[in-house]
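Note: hydrogens, waters and symmetry copies are ignored here, and every other heavy atom, side chains too, is used. The shown structure was predicted, so the numbers you read here are calculated from the model rather than taken from an experiment.
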Amino acid sequence: MAQTEEAVKQPEQESGKAPRETGSKHGVLIAVIVLAIVAAVVIGGIVPRLRAKEALKKETYDLAVPTVNIARPKQGAPQMEIVLPGNMQAFTDSPIYARTNGYLKKWHVDIGGRVKAGQLLAEIETPEVDQQLQQARSQLNTAKANYNLAQITSKRYQELKGTDSVAQQDVDNAFGSERANAATVSAAEYQVRYLEQLESFKNIYAPFDGIITVRNTDVGHLINSGAGTAAAELFHIAAIHILRVYINVPQQFSPAAKTGLPATLTLQQFPGRQFKGRLVRTANAIDLATRTLLVEVDVDNPTGELLPGAFAEVHLAVPSGAPTFILPVSALIFRAQGLQVGVVKDGNHAQLANIILGRDFGSEVEVVSGLQADDQVIINPPDSLISGEEVRVAQQQPAAQNPQGQQTPSGGSQK
């Protein structure tokens, strides 16, 4: 009986143990599912944040590295052309004054007239000089008569001296009178020649070939000799077959201003035309006030179309000496350290270089020192750019060709 009860209890105990084990497995599965859901929720929230943080970090880095455009400097020409203002002057220019007193009788050439050397320009009536000349000639005749008489007397006294008929004192007096009268004749002759020369000035002649540019007299005007006042100038004559053009060359170009250097002139009244000239002489001294060298350029003017007094621009092609480069103005950096440009080194780092400028072409400038031909110059650099800073080089645009066949980098054009 007891065994039967134990047998009945054992199946009951086994049947109770199975439900407990099944419930435990379901709990574990539910816990795993809950944990997976929680993990998915957590991961779904963290990963986007991490990605956003990484994107923000990358964007911040990108913004911190400036993007720049670069261009290579253009090689300057081996000869540079400087343009300087100049004033054209006649090769020979002279005022003409009267050398004698009188009244203007007649003038033969007016302004603009071309004259030859020795051509008669005007005639002056000189009545006073004429009378003085007549008087001087009369005095010369008188002096000659007295001299002839003194010669005869001296000769007779010399003959009488041999016979002891006259004293030695009388002989000496006669000889002295002869010499004195000879001197008087000589003085009278000089006076006559002077007045004849003065009277010859009644006719005014052109001293050289040229053009009459001024006539300040007319028939009947009272003429005073000399050049005491501007009003006394009768004519002004200028030789314009060759014109002189004086220019002031800056000190930095003075070593290249050598005799024989060719020059080209342009004038506003002759658009599109050029006139050839040549540097013929320099002052060989720098002017202290302007720090320039005075230079003369001569220009042939066989047709006379170029007029003295005109303004001209003189183009001189002078050797550049050292290699030069052309840069856009937008590449310049103005700071307390001096004039600088930014150059990209090692592919992605900026380096500031001090430069020295030459000529200013407006949108471009000439650099005479501080650059190399292979430098990558930053165009429109940011104000905060410093040496060693990392930069990003933007894609370069192809350089344009200027009319001379030289490449023009982006950001500027060659003048």
Does [X] reach the main-chain N or O of [Y] with its side chain, forming a donor-acceptor pair under 3.5 Å?
X: Arg99; Y: Phe201; answer: no
X: Thr217; Y: Leu234; answer: no
X: Asp375; Y: Leu371; answer: no
X: Ser154; Y: Ala150; answer: no
X: Asp346; Y: His349; answer: no

Would you mind reporting whether [Y] and [X] have side-chain heavy atoms less than 4.5 Å apart?
X: Ile223; Y: Asn101; result: no
X: Tyr97; Y: Phe235; result: no
X: Val83; Y: Val314; result: no
X: Ser387; Y: Gln351; result: yes
X: Val245; Y: Leu265; result: yes
X: Thr282; Y: Leu294; result: no
X: Val367; Y: Thr324; result: no
X: Val391; Y: Leu385; result: yes

Does the side-chain contact (heavy atoms from CB on, under 4.5 Å) test come out yes or no for Ile242 and Val299, once each step is laid out?
CA-CA 6 Å; Ile242 297 177; Val299 182; over 6 Å; no

Using atom types as modelled, flag every donor-acceptor pair under 3.5 Å from a side chain in residues 112-131 to any protein atom, sequence neighbours excluded.
residue : atom : partner : partner atom : Å
Gln119  : OE1  : Lys116  : N            : 3.1
Glu123  : OE2  : His108  : NE2          : 2.9
Thr126  : OG1  : Asp130  : OD1          : 3.4

Expected list for residues 179-188: side-chain donor-acceptor pairs under 3.5 angstrom, two or more places apart:
residue : atom : partner : partner atom : Å
Asn181  : ND2  : Ser177  : O            : 2.6
Asn181  : ND2  : Ser177  : OG           : 3.3
Thr184  : OG1  : Ala180  : O            : 3.0

If you measure from [atom1] on [X] to [atom2] on [Y], what distance do you get to the nearest 0.5 Å?
X: Ser225; Y: Leu198; atom1: OG; atom2: CG; result: 7.5 Å
X: Ile240; Y: Asp209; atom1: CD1; atom2: CG; result: 11.5 Å
X: Leu140; Y: Tyr147; atom1: CG; atom2: OH; result: 13.0 Å
X: Leu306; Y: Leu267; atom1: CG; atom2: CG; result: 6.0 Å
X: Gln89; Y: Tyr246; atom1: CD; atom2: OH; result: 6.0 Å
X: Arg215; Y: Asp110; atom1: CZ; atom2: CG; result: 4.0 Å

Evaluation steps, side-chain contact (heavy atoms from CB on, under 4.5 Å), between Leu357 and Leu339:
CA-CA 9 Å; Leu357 294 185; Leu339 195 60; 3.2 Å; yes

Say whether [X] and [Y], considering side chains only, have a donor N or O and an acceptor N or O under 3.5 Å apart.
X: Asn216; Y: His221; answer: no
X: Gln168; Y: Asp172; answer: yes
X: His315; Y: Thr266; answer: yes

Listing, residues 268-281 side-chain donor-acceptor contacts under 3.5 Å, not counting sequence neighbours, or none:
residue : atom : partner : partner atom : Å
Arg273  : NH1  : Glu305  : OE1          : 3.2
Arg273  : NH2  : Glu305  : OE2          : 3.0
Arg281  : NH1  : Glu296  : OE1          : 2.8
Arg281  : NH1  : Glu296  : OE2          : 2.9

Closest heavy-atom contact between [X] and [Y]?
X: Ala90; Y: Ala239; value: CB-O, 3.4 Å
X: Ile70; Y: Val344; value: CG2-CG2, 3.6 Å
X: Val297; Y: Ala263; value: CG1-CB, 3.9 Å
X: Thr292; Y: Pro250; value: CG2-CA, 4.1 Å
X: Leu327; Y: Pro73; value: CD2-CB, 3.8 Å
X: Pro262; Y: Leu316; value: O-CD2, 3.9 Å

Are the charged groups of Glu189 and Arg137 less than 4.0 angstrom apart, N to O?
no

Would Glu199 and Lys202 count as a salt bridge (Lys or Arg N to Asp or Glu O under 4.0 Å) here? Give the steps.
CA-CA 6 Å; Glu199 190 180 49; Lys202 66 169 58 178; 3.7 Å; yes

Assess whether atom OH of Tyr190 is packed by more than 12 heavy atoms of other residues, nucleotides or ligands within 6.0 Å.
no

Quick check: are there more than 12 heavy atoms from other residues, nucleotides or ligands sitting under 6.0 Å from CZ of Arg335?
yes

Evaluate the criterion side-chain contact (heavy atoms from CB on, under 4.5 Å) for residue pair Leu352 and Ile333; output intermediate values, then yes/no.
CA-CA 9 Å; Leu352 296 182; Ile333 301 175; 3.9 Å; yes

Using side chain to side chain donor-acceptor pair (under 3.5 Å), reason through Asp287 and Thr290 one step at a time and then give a plain yes or no.
CA-CA 6 Å; Asp287 185 87; Thr290 61; 3.2 Å; yes

Using the side-chain contact (heavy atoms from CB on, under 4.5 Å) rule, take Glu233 and Val214 through it: C-alpha gap first, then chi angles, then the decisive distance, then the call.
CA-CA 9 Å; Glu233 178 184 330; Val214 174; 4.2 Å; yes

Could you walk me through whether Glu178 and Lys155 pass the salt bridge (Lys or Arg N to Asp or Glu O under 4.0 Å) check?
CA-CA 10 Å; Glu178 178 187 359; Lys155 183 178 179 181; over 6 Å; no

